[in-house]
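For reference, the structure is listed below as structure tokens.
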Amino acid sequence: TTRGFTVAIDGPAASGKGTISRAVAARFGFAHLDTGLLYRAVGAKVLEGMDPVAAARALRPGDLDGDALRTPAIAQEASKVAALPEVRAALKDFQRSFAARSGGAVLDGRDIGTVICPDAQVKLFVIADAVVRARRRFAELSEKGIETTFEEVLADVQARDARDMGRADAPLRPAVDAVTLDTSDMDIEDAVAAAVALIEAKRTALN
Ligand code: CDP
Ligand code: CDP
């Protein structure tokens with residue numbers, strides 16, 4: 001059964017979490033939440049002059065729309081506000097309620113398997129070489145018409161990796177029961193297939 005089934009997908013910037021999550025959600029009919037968008041939306045409000053904690057507390061679903069949040073400048077600010085415990089606390093209930101949806105849910109981020117959904121049935125930790133990740137992200141942003149350079153994207157990825165792994169509250173790290181998937185030499189189809197196989201195996205075991 002998929003009732004209350006939760007899939008947690010964590011990993012560093014541009015490792016492929018979102019792509020795998022969307023494919024898995026479509027395949028199993030699960031709801032999908034890209035939790036990075038919450039922090040990006042708060043980061044965007046801070047760049048407009050708002051206080052980060054006030055922005056996190058006032059966040060609305062309408063704030064999460066669009067490619068407007070995908071710029072490296074907003075990503076940087078997102079990772080700065082994400083180090084603030086009060087910001088993380090303000091976003092926790094929304095994520096936990098989303099995860100508890102009856103039809104199953106997949107959430108991707110940094111702390112889903114460790115903090116938000118420690119009881120998730122499936123936990124995946126997606127990694128890839130930083131230069132590979134920056135190349136993929138640069139290609140993606142160029143395709144979306146977001147103006148940036150490879151150097152800016154690589155610097156963003158490396159700075160966020162260090163900040164996200166080094167913070168005291170909910171640092172980026174694999175849960176003890178997470179399965180690590182290195183996508184450095186994998187195409188999207190193979191990465192999705194690996195995630196699907198893991199979920200199928202768990203669902204069979206639970207039935
Ligand atoms: O969500 P996250 O930041 O971890 O990464 P993503 O947005 O899913 O993936 C970043 C980019 O890498 C996207 O353009 C994907 O299509 C691409 N990608 C890839 O080329 N090969 C993979 N195995 C995974 C993702
Ligand atoms: O897509 P990408 O992996 O580049 O970034 P994202 O998932 O949109 O996350 C943006 C930033 O939000 C990250 O660098 C983290 O600092 C923060 N974040 C977090 O702290 N916890 C999460 N569950 C998700 C994102």
Side-chain angles (χ1 to χ4, degrees), residues 1-39 78-79 82-83 85 87-130 132-133 136 157 160-207:
T1 172
T2 55
R3 200 183 158 71
F5 198 93
T6 306
V7 181
I9 306 190
D10 292 304
S15 53
K17 310 177 293 296
T19 305
I20 294 172
S21 298
R22 281 190 296 276
V24 156
R27 161 83 178 238
F28 294 101
F30 296 160
H32 170 223
L33 179 63
D34 171 356
T35 66
L37 275 183
L38 304 173
Y39 296 91
S79 127
V87 166
R88 306 199 71 83
L91 301 175
K92 197 177 270 187
D93 285 351
F94 175 73
Q95 296 175 78
R96 290 223 168 121
S97 316
F98 191 97
R101 279 166 180 240
S102 57
V106 48
L107 287 79
D108 74 285
R110 300 292 184 289
D111 63 337
I112 308 305
T114 51
V115 174
I116 301 296
C117 304
D119 299 326
Q121 280 78 4
V122 173
K123 296 182 186 180
L124 205 59
F125 196 76
V126 187
I127 59 170
D129 175 80
V132 171
R133 287 186 281 125
R136 290 172 178 170
V157 162
R160 284 197 288 138
D161 284 358
R163 202 182 289 116
D164 294 349
M165 291 188 290
R167 70 188 175 212
D169 189 17
L172 171 65
R173 60 175 173 78
V176 286
D177 52 346
V179 173
T180 296
L181 188 66
D182 187 340
T183 70
S184 300
D185 300 312
M186 262 187 197
D187 59 23
I188 293 164
E189 287 70 30
D190 292 342
V192 169
V196 166
L198 205 65
I199 294 166
E200 291 284 17
K202 187 72 186 194
R203 293 212 308 173
T204 306
L206 289 176
N207 268 333

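Position 1 is the first residue of the sequence, and the numbers go up from there. Owing to the predicted nature of the structure, the values given are computational and were not obtained by experimental measurement.
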- Determine, step by step, whether Arg27 and Ile199 satisfy the side chain to side chain contact (heavy atoms under 4.5 Å, CB included) criterion, reporting the C-alpha distance in whole Å, the side-chain angles of both residues, the deciding distance to 0.1 Å, and the verdict. CA-CA 11 Å; Arg27 161 83 178 238; Ile199 294 166; over 6 Å; no
Give, for atom [atom1] of [X] and atom [atom2] of [Y], the distance between the pair rounded to the nearest 0.5 Å.
X	Y	atom1	atom2	value
Phe28	Arg203	CZ	CZ	5.0 Å
Asp177	Gln121	CG	CD	11.0 Å
Ile127	Asp10	CD1	CG	13.0 Å
Leu33	Phe94	CG	CZ	5.5 Å
Arg167	Met165	CZ	CE	11.0 Å
Ile9	Lys123	CD1	NZ	13.0 Å

- Query: Does the side chain of Thr19 pick up a donor-acceptor pair with the side chain of Arg136 at under 3.5 Å?
  - Reply: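 On atom types as modelled, these side chains do not qualify, holding no pair under 3.5 Å.
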Is there side-chain contact between [X] and [Y], with heavy atoms separated by less than 4.5 Å?
X	Y	result
Arg88	Val115	no
Gln95	Ile112	yes
Ile20	Leu181	yes
Asp34	Lys17	no
Leu172	Pro12	yes

Is the backbone N or O of [Y] less than 3.5 Å from a side-chain atom of [X], with the two atoms forming a donor-acceptor pair by type?
X	Y	value
Thr183	Ser15	yes
Arg133	Ala13	yes
Thr6	Ala99	yes
Arg96	Ile116	yes

What are the two closest heavy atoms between [X] and [Y], and how far apart are they?
X	Y	result
Ser184	Ala128	OG-CA, 3.3 Å
Pro174	Thr114	C-CG2, 4.3 Å
Pro85	Ala83	CD-O, 3.3 Å
Ala105	Phe98	CB-O, 3.7 Å

- Task: Flag yes if more than 12 heavy atoms outside Asp187 fall under 6.0 Å of its CG atom; otherwise flag no.
- Result: yes
- Message: Please evaluate residues Asp108 and Val126 with respect to the criterion side chain to side chain contact (heavy atoms under 4.5 Å, CB included), reporting the C-alpha separation (whole Å), side-chain torsions for both, the decisive distance (0.1 Å), and the verdict.
- Response: CA-CA 10 Å; Asp108 74 285; Val126 187; over 6 Å; no
